[in-house]
Chemist: 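Quick one: the structure is below, and I'll ask about it shortly.
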Amino acid sequence: EASEASAGVARARKVLRDERRRLALLEDEARRRAERLGTDALDEGDRALALAEDARDRQALIAELPVRQRIERELAVLDGPLPRPDAPPAPRSAEHSPYHLPVSGPLVGGFGELSDAGVRARGPTFAARPGAPVLAPAAGRVAFAGPFRGFGRVAIVDHGRGWTSTVTGLAALRISRGQAVPRGALLGLASSRVTVELRRRGRPFDLLALASR
């Protein structure tokens with residue numbers, strides 16, 4: 001009877017181990033499904049945001065078209081050469097430019113480009129030397145400094161009057177939230193790719209039109 005009882009206990013323990021293993025597999029599968037659903041929801045949200053921004057940009061261009069046409073007609077009757085919209089802008093000196101690119105490196109992604117996922121880029125991306133200094137593009141106060149999913153370490157500088165700069169792809173940070181930073185202050189160290197977004201009350205702007213290197 002003792003042998004039979006011992007065998008019964010062994011069988012019960014084996015069944016319990018099998019049940020625990022099965023539950024662990026079910027929990028792991030449920031976690032992976034939740035992560036996939038979360039990622040899909042973020043991608044769809046980004047696509048919807050990009051489409052909404054594109055629609056607002058188109059509406060703004062349509063609204064500005066009559067004004068631009070009237071200005072062009074007025075300029076056309078003036079003496080001197082006519083304006084050439086496709087001509088490159090005159091270079092700005094670093095001391096008079098309102099904005100400074102925070103990192104040196106070749107441009108590998110432009111403002112407004114569509115990614116493979118269909119998300120429109122809200123700022124240019126630069127190929128930086130790993131460990132290169134990343135500087136504050138303009139004076140302001142640090143609104144956020146820390147890691148953010150999928151973007152490495154992120155620094156957000158509030159310049160006031162609705163203007164903010166978001167710098168992503170930092171390998172290390174040298175500032176903290178709430179800190180006041182002058183233009184050119186060290187924000188952190190670069191990874192291999194650094195993206196910079198300039199926004200005015202949440203609307204992205206092409207910072208290359210304002211920035212100096």
Side-chain angles (χ1 to χ4, degrees), residues 42 45-69 71-72 83-115 117-128 134-145 148 150-170 175 177 180-185 187-188 190-191 193-213:
L42 287 173
D46 283 343
R47 290 192 185 96
L49 182 60
L51 290 173
E53 290 178 352
D54 185 62
R56 285 197 299 270
D57 291 342
R58 291 176 184 272
Q59 290 175 355
L61 288 175
I62 292 173
E64 293 173 1
L65 186 58
V67 177
R68 295 180 63 178
Q69 290 175 339
I71 294 174
E72 289 177 358
R84 295 185 297 160
D86 296 330
R92 295 172 177 264
S93 65
E95 59 179 309
H96 293 103
S97 176
Y99 202 81
H100 185 79
L101 294 182
V103 67
S104 297
L107 184 69
V108 294
F111 176 81
E113 288 187 6
L114 286 176
S115 68
V119 178
R120 192 176 298 279
R122 302 179 184 94
T125 299
F126 300 91
V134 180
L135 309 179
R141 187 171 297 275
V142 178
F144 178 84
F148 192 77
F151 295 96
R153 289 172 175 79
V154 175
I156 300 178
V157 180
D158 185 350
H159 306 298
R161 297 186 179 180
W163 291 96
T164 60
S165 293
T166 301
V167 183
T168 64
L170 295 169
I175 39 88
R177 183 177 179 180
V181 291
R183 173 178 167 174
L187 297 179
S191 62
R193 292 287 188 274
V194 175
T195 300
V196 190
E197 297 180 13
L198 174 65
R199 290 176 179 266
R200 165 79 167 168
R201 294 192 173 93
R203 180 182 178 185
F205 275 77
D206 185 3
L207 62 88
L208 294 181
L210 301 174
S212 65
R213 287 186 178 270

Chemist: Working to the nearest 0.5 angstrom, can you tell me the gap between Tyr99 OH and Trp163 CH2?
Modeler: 9.5 Å
Chemist: Taking C-beta and beyond as the side chain, do Ile156 and Phe148 meet within less than 4.5 Å on heavy atoms?
Modeler: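 Ile156 does not reach Phe148 side chain to side chain.
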Chemist: So which heavy atom on Leu135 is nearest to which on Gly184, and how close?
Modeler: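 Looking at all heavy atoms of both residues, the shortest contact is CD2-O, 3.6 Å.
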Chemist: Search all heavy atoms of Ile175 against all heavy atoms of Ala155 and return the closest pair with its distance.
Modeler: CD1-CB, 4.2 Å
Chemist: What pair of heavy atoms forms the shortest contact from Arg199 to Arg122, and how long is it?
Modeler: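 Residues Arg199 and Arg122, closest heavy atoms: NH2-CD, 2.6 Å.
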Chemist: If I compare all heavy atoms of Leu170 with all of Val154, which pair ends up nearest, and what's the gap?
Modeler: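 Between these two residues, the closest heavy atoms are CD1-C, 4.5 Å.
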Chemist: About how many Å separate CZ of Arg177 and CZ of Phe144, when rounded to the nearest 0.5 Å?
Modeler: 8.0 Å
Chemist: Is the number of heavy atoms from other residues, nucleotides or ligands within 6.0 Å of CZ (Arg200) greater than 12?
Modeler: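 Buried by this count: over 12 neighbours within 6.0 Å.
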Chemist: Rounded to the nearest 0.5 Å, what separation is found between the CZ atom of Arg203 and the CG atom of Leu198?
Modeler: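 CG of Leu198 is found 12.0 Å from CZ of Arg203.
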Chemist: At their closest point, which heavy atom of Pro124 faces which heavy atom of Leu107, and how far apart are they?
Modeler: CB-CD1, 3.5 Å
Chemist: Between the side chain of His159 and the main-chain N/O of Ala139, is any donor-acceptor distance below 3.5 Å?
Modeler: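 Answer holds: yes.
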Chemist: Quick check against the 3.5 Å criterion: does Ser165 have a side-chain atom that pairs as donor or acceptor with the backbone of Val157?
Modeler: no
Chemist: For Gly123 and Thr195, which heavy atoms make the closest approach, and how far apart are they?
Modeler: O-CG2, 4.0 Å
Chemist: Report yes if the side chains of Val181 and Val142 come closer than 4.5 Å at any heavy-atom pair, otherwise no.
Modeler: yes
